[in-house]
Amino acid sequence: MCASMSPLFYYNRRMSNPASTSSPLLVGLAPVIAADTRILILGSFPGAQSLAAQQYYAHPRNAFWKLVGALVGEDLYGLPYDQRLPRLLAHRFGLWDVLAACEREGSLDSAIRKPAANDFDRLRHLCPQLETVGFNGQASGKFAPQFEQAGYRTVVLPSSSPAYMAMTFEQKLAVWRQLVDTNPNALPPQPALF
């Protein structure tokens, strides 16, 4: 179902429909994945600014691109968005959300109504090398048990959202490093994310 944009990655634009201001139903963004994706980061649902821009983590204060950039050793935040996606995929990271659609006023996860989950059954076929699934915040983290049962390593991460201020960037990054650290004995205890 993914349309090939280059030999490097798949990006299915056909799955993404910008939300209309006249419709209460909001539709999320297409997955950014490749056949060699090893780490998939799942958010809950794009914020209002991301939906308007049709870009993952478009809010300038969202730390997502800085966190992942620190993990891969590349300034993803400093790149134009259309260059971030191929660089993300070059590092074998993928990006999607747990929800395909919902109703919501504003951008907070607590305001989500009538959620509809994305269809993850096809992940094993589209991303046969996928090993680790990270969940960007507690709302998406509720899906972690389903992915564990499917055989994936899961990590529930502190949210990169500017609304989550209980941890500093450095504290968040320490937990986000679990995505790339495959030695479970080296993982620090995960702090409470509430």
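Excluded from the calculations below are hydrogen atoms, water molecules and symmetry mates; all remaining heavy atoms, backbone and side chain alike, are included. All values derive from a computational prediction rather than experimental measurement.
- The two atoms that bring Gly106 and Ala48 nearest to each other are O-CB, 4.3 Å, heavy atoms only.
- Considering only heavy atoms from C-beta on, Val68 stays 4.5 Å or farther from Tyr77 through its side chain.
- Residue pairs that meet the salt bridge (Lys or Arg N to Asp or Glu O under 4.0 Å) test with at least one member in residues 125-134, sequence neighbours left out, are Arg38-Glu131.
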Show me the side-chain donor-acceptor pairs of residues 27-35 shorter than 3.5 Å, one per line, residues at least two apart or across chains.
none

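- Atoms CZ and CZ, from Arg84 and Arg87 in turn, are 13.5 Å apart once rounded to the nearest 0.5 Å.
- Side-chain contact between Leu173 and Leu71 is present, with heavy atoms from C-beta onward closer than 4.5 Å.
- Looking at Phe143 and Val133, their side chains never come closer than 4.5 Å, going by heavy atoms from C-beta outward.
- Taking each heavy atom of Pro162 and Met165 in turn, the nearest pair found is O-CG, 3.2 Å.
- Taking the side-chain contact (heavy atoms from CB on, under 4.5 Å) definition, one finds that Ala52 meets it with nothing, sequence neighbours left out.
- Under the salt bridge (charged side-chain N to carboxylate O under 4.0 Å, His left out) criterion, Lys114 pairs with Glu103, sequence neighbours left out.
- Taking 4.5 Å as the limit, some side-chain heavy atom of Leu179 sits within range of a side-chain heavy atom of Thr132.
- Under 3.5 Å, the side chains of Arg92 and Thr37 contain no donor-acceptor pair of N or O atoms.
- For the pair Phe93 and Val180, the minimum side-chain heavy-atom distance is below 4.5 Å.
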Side-chain donor-acceptor distances from residues 144-152 under 3.5 Å, at least two apart:
from	atom 1	to	atom 2	distance (Å)
Glu148	OE2	Thr154	OG1	2.7

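- Identified under the side-chain hydrogen bond (donor to acceptor under 3.5 Å, both in side chains) test for residues 63-72, with sequence neighbours left out: none.
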Item to check | Chi angles and distances behind the side chain to side chain contact (heavy atoms under 4.5 Å, CB included) call for Leu51, Arg104 | outcome: CA-CA 12 Å; Leu51 287 174; Arg104 183 189 62 204; 4.0 Å; yes
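- Qualifying ring-ring contact (aromatic ring centres under 6.0 Å, His included) partners for Tyr57, counting only residues two or more places apart in sequence or in other chains: Phe64.
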Checklist entry - Under the side chain to side chain contact (heavy atoms under 4.5 Å, CB included) criterion, do Cys127 and Leu40 qualify, and how do the steps go? => result CA-CA 9 Å; Cys127 305; Leu40 176 65; over 6 Å; no
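- Of the possible polar contacts, none joining the Lys172 side chain to the Leu67 backbone as a donor-acceptor pair under 3.5 Å is found.
- The backbone N or O of Leu42 sits less than 3.5 Å from a side-chain atom of Ser140, completing a donor-acceptor pair.
- For the residue pair Val72 and Leu76, the shortest heavy atom distance occurs at CG2-CD1, 4.2 Å.
- Across Ser160 and Asn62, no two heavy atoms sit closer than the pair OG-OD1, 2.7 Å.
- Here His91 pairs with Glu74 under the side chain to side chain donor-acceptor pair (under 3.5 Å) rule; sequence neighbours left out.
- Looking at residues two or more places apart in sequence or on another chain, you find a side-chain contact (heavy atoms from CB on, under 4.5 Å) between Ala163 and Leu108, Ser161.
- Side chains of Arg153 and Val155 form a contact here, defined as non-hydrogen atoms less than 4.5 Å apart.
- Qualifying side chain to side chain donor-acceptor pair (under 3.5 Å) partners for Gln83, counting only residues two or more places apart in sequence or in other chains: none.
- Annotation: Phe120 is in aromatic contact with Trp96 [ring centroid separation under 6.0 Å].
- Using a 4.5 Å cut-off on side-chain heavy atoms (C-beta onward), Asn118 and Leu99 make no contact.
- When all heavy atoms are compared, the tightest approach of Val175 to Pro158 is CG1-CD, 3.4 Å.
- Judged as a side-chain hydrogen bond (donor to acceptor under 3.5 Å, both in side chains), the pairs with a partner in residues 39-53 (not counting sequence neighbours) are, in order, Ser44-Asp109.
- In this structure Glu105 satisfies the side-chain contact (heavy atoms from CB on, under 4.5 Å) test with no other residue, sequence neighbours excluded.
- Taking all atoms of both residues into account, the shortest heavy-atom contact from Ile112 to Cys102 is CG2-CB, 3.8 Å.
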